[in-house]
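Hydrogens, waters and symmetry mates play no part in the numbers below; they use all other heavy atoms, side chains included. Small disclaimer: the values here were computed from a predicted structure and weren't measured. First listed ligand is number 1; within each ligand, the first listed atom is number 1.
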Amino acid sequence: MKHTFVLPLLAAIFALPQTHGAADPRVEFRECPKCDKRIRIDLKAGKAYVNLSRLDGVDKDAMAKRAASLLDDAAIPPAADMKLRPLMGWSSWNVFGCDISEEIILDTARAIATNGLKAAGYTYVNIDDGFFWGHGEDGRLRFHPQRFPNGMKPTVDGIHALGLKAGIYSDAGKDTCGSMWGGSSEGGKDKGGLGGGLYGHDAEDCQLHFNELGFDFIKVDYCGGRALKLDEKQRYTEIAEAIKATGRTDVRLNLCRWAFPGTWAADIAESWRTTKDIRANWRSVRDIIAENLYLNAYAKPGHYNDMDMLEVGQRSGKVKSAFGKHGDTGLTADEETTHFGIWCMLSSPLLIGCDVNAMPEFTKTLVTNPYLLGMNQNDLGLQGEVVVRDGDAVILAKDAKTKFGTSRFVTLYNGTDGEYEFLVRAKDLCLGGRIDAFDLVEMADVGMFKDEIHVKVAPHASKFYRFDAETRLERRLYQAESAYLTAYQELHNPLKAGTAFPDKANGASNSYLVKNLGGRPDNDIIWHDVAIATEGLRCLTIGYRSVDEGVFFLSIDGGEAVGVKVSPSGEKTAEVTVLARLSAGCHSIRLFNASAKMPDIDFLHIEPGLNNLD
Ligand code: GLA
């Protein structure tokens, strides 16, 4: 049977009076045969309403229990260490550019502390470019005399007094981005940023920011670093060392090099910008999403891909930004929901970029939605992984409550310009049995399905679900483009640098494969988190493409390597199978060739081995 969530648009509010109460006083039963929701959460009222007309064969007490637990899930569990979660807060750049001041920052901080944003977890108030006035002859960093006439201390103290954290900004080189590219209403370049960067001042600037002034975060940009042709890894490591030398262990570091810098970034920073600057328009949001789809393997608790500051609250036709001239046409409601939801799903830091004093109600509801935030703020630290992709229509998934558990976050992202009908298959999500679907944006349980479901999604819109299934299935298919490439980087041409990269390929599984592997020990591909349900023989089938005969090595959990020979495949993906006995639990499977080029890799497929060999 073809199931579908797309029902005629009916009132979500259950119109009929309560019939009788459930055991939990927060849960009420209602009858509404015309309603398309099975359970509706009303956070303001602290209630969950169960629709008795839509129990889908489930006992009403069991449904009441589900309703109560969905209500409980609105409370995001506190982190053992906040540093392990993506940063949440506000940043001055998108809306004010360099036109910042003590007054603007403190005004914003007061609004955040009182308008519900702080309560939702937005705690960092980050000052971006525009506060500099170069370094003095004594080597001390100076602050803009008009924008921050009292220096930075009153600003930092004012932010802290509100129970918030304070963030600052610098550049790895001598001059800041604003001093090169502008960004203030005065027009032209922001001259205060000349000589304002960290270069030559690491120790004294870090001492000033973190010990004297008490900042808690720093974003380090690279316009000045690039101008001096500095080596990113070396330079950012020096800066991380200088921060460490202050004795502060709670300072959070963001690298801003506008491309995935390399897997070394996770050794020194909490987050790293992966793309060029965001703009308040759909094209920019769509391109940033596309560029982050295959970076999931590099995110882990405390270390995240930064998709840039949020352009929420910038509704089409009503954009307030320091960059009005640069195509900031704003976002529609659907686009804004996609933007925020995908940033949550991909575990990006969440830094609101609009004027919070003029934030539309729609935006406030969106960015404080605890169910969306729960995708971002949890202890698993996972970035959603592409499960099925058809151009800009993508199904993403990641575990919700426990790793390899029966609850998964599932996103249907329609980045195309037309309506798209998704076919969501339970087995692609490794889920089995009956699946209950909770819509995170609607805050409603929208029903159950088995095996598969069709969902229509409007252009530029997305659906964000949590699927709670009866069983979790052992995963069969692991795409190469979602795997960990130890040498992966986007700073240099990978063909010249000899580093692997995911690339589009006609006819490949999900249309992507990984090219340019091998030739050096670290230019490998690893599937971490290969979960095996029960011990036994497995056929590990590797999909590859190779013009010539070739060889690569396969090693499981760092164990002895097995050589795998491949024949030429032509333009199509060919397969080669290796048998291995795997214990129950989590494994890592690595393919490499330290001395010669490897075939391109399309996927790894894992099936139980033949019984008679078991
Ligand atoms: C760069 C960064 C932006 C912002 C500006 C400030 O462009 O990528 O996020 O910090 O510099 O000048």
Side-chain angles (χ1 to χ4, degrees), residues 87 89-101 104-105 124-134 143-144 147 167-199 209 215 217-228 230 232 235-236 239 252-261 265 269-281 284-285 287-288 291-292 304-312 314 321-328 343 348-354 490-491:
L87 195 87
W90 174 86
S91 173
S92 56
W93 182 253
N94 285 358
V95 62
F96 296 111
C98 289
D99 287 339
I100 47 174
S101 65
I104 288 177
I105 301 295
Y124 284 78
V125 176
N126 290 349
I127 301 166
D128 205 281
D129 210 343
F131 65 85
F132 298 93
W133 201 247
F143 302 112
H144 198 289
R147 299 173 188 158
I168 194 69
Y169 166 91
S170 195
D171 194 286
K174 271 191 194 149
D175 302 329
T176 72
C177 292
S179 73
M180 298 181 196
W181 304 99
S184 76
S185 55
E186 288 157 17
K189 300 173 181 173
D190 197 60
K191 66 173 197 264
L194 287 172
L198 285 167
Y199 195 68
H209 288 321
F215 279 109
F217 163 93
I218 187 165
K219 162 177 167 183
V220 182
D221 223 327
Y222 216 72
C223 293
R226 186 170 56 182
L228 294 177
L230 303 176
E232 285 86 353
R235 184 65 194 117
Y236 275 125
I239 294 166
R252 296 171 72 161
L253 170 64
N254 170 269
L255 314 185
C256 185
R257 182 50 182 82
W258 327 292
F260 183 79
E270 275 72 54
S271 58
W272 46 86
R273 261 280 286 289
T274 54
T275 45
K276 61 185 187 193
D277 292 11
I278 194 169
R279 298 261 63 97
N281 65 54
S284 170
V285 168
D287 290 353
I288 290 176
E291 284 194 51
N292 280 272
Y304 299 101
N305 295 295
D306 172 10
M307 298 170 74
D308 206 355
M309 303 160 290
L310 295 159
E311 287 286 12
V312 292
Q314 299 282 34
S321 137
F323 314 97
K325 289 180 242 98
H326 296 267
D328 283 352
W343 263 236
S348 172
L350 300 175
L351 290 170
I352 292 169
C354 67
E490 295 173 354
L491 299 182

query: Heavy-atom contact under 4.0 Å between K276 and ligand 1?
result: no
- line: Note: ligand 1 atoms sitting under 4.0 Å from heavy atoms of W93 are 4 (C), 5 (C), 6 (C), 12 (O)
statement: All heavy atoms of G167 vs all of N126, minimum pair found to be CA-OD1, 3.1 Å
task: Could you tell me if any non-hydrogen atom of W181 lies under 4.0 Å from any atom of ligand 1?
output: no
- prompt: Polar-atom distance check: D221 versus ligand 1, any N or O pair below 3.5 Å?
  reply: yes
- prompt: Of all the atoms in ligand 1, which lie at a distance below 4.0 Å from a heavy atom belonging to M309?
  reply: 9 (O)
Test item: side-chain donor near acceptor, N254 and S271, under 3.5 Å: yes
- request: Heavy-atom contacts with C177 under 4.0 Å: which atoms of ligand 1 show up? List them by number with element.
  value: 1 (C), 11 (O), 12 (O)
query: Which class fits the ring pair Y222 and W258: parallel under 30°, tilted 30 to 60°, perpendicular over 60°?
result: perpendicular
- prompt: Which residue holds the protein heavy atom closest to atom 8 (O) of ligand 1, what is that atom called, and what is the gap in Å?
  reply: D277 OD1, 2.5 Å
statement: shortest atom 12 (O) of ligand 1-to-protein heavy-atom contact is with D129 OD2, 2.7 Å
message: Looking at ligand 1, is there an atom of it that comes within less than 4.0 Å of some heavy atom belonging to C256?
response: yes
query: In ligand 1, which numbered atoms sit nearer than 4.0 Å to a non-hydrogen atom of D128?
result: 4 (C), 6 (C), 10 (O)
message: Under 4.0 Å from a heavy atom of R273: which atoms of ligand 1 are those, numbered in the order shown and with their elements?
response: 8 (O), 9 (O)
message: Just to be sure I read this right, does ligand 1 sit under 4.0 Å from the backbone of C98, its side chain, both, or neither, counting only heavy atoms?
response: neither
statement: for atom 9 (O) of ligand 1, nearest protein heavy atom and its distance come out as K219 NZ, 2.8 Å
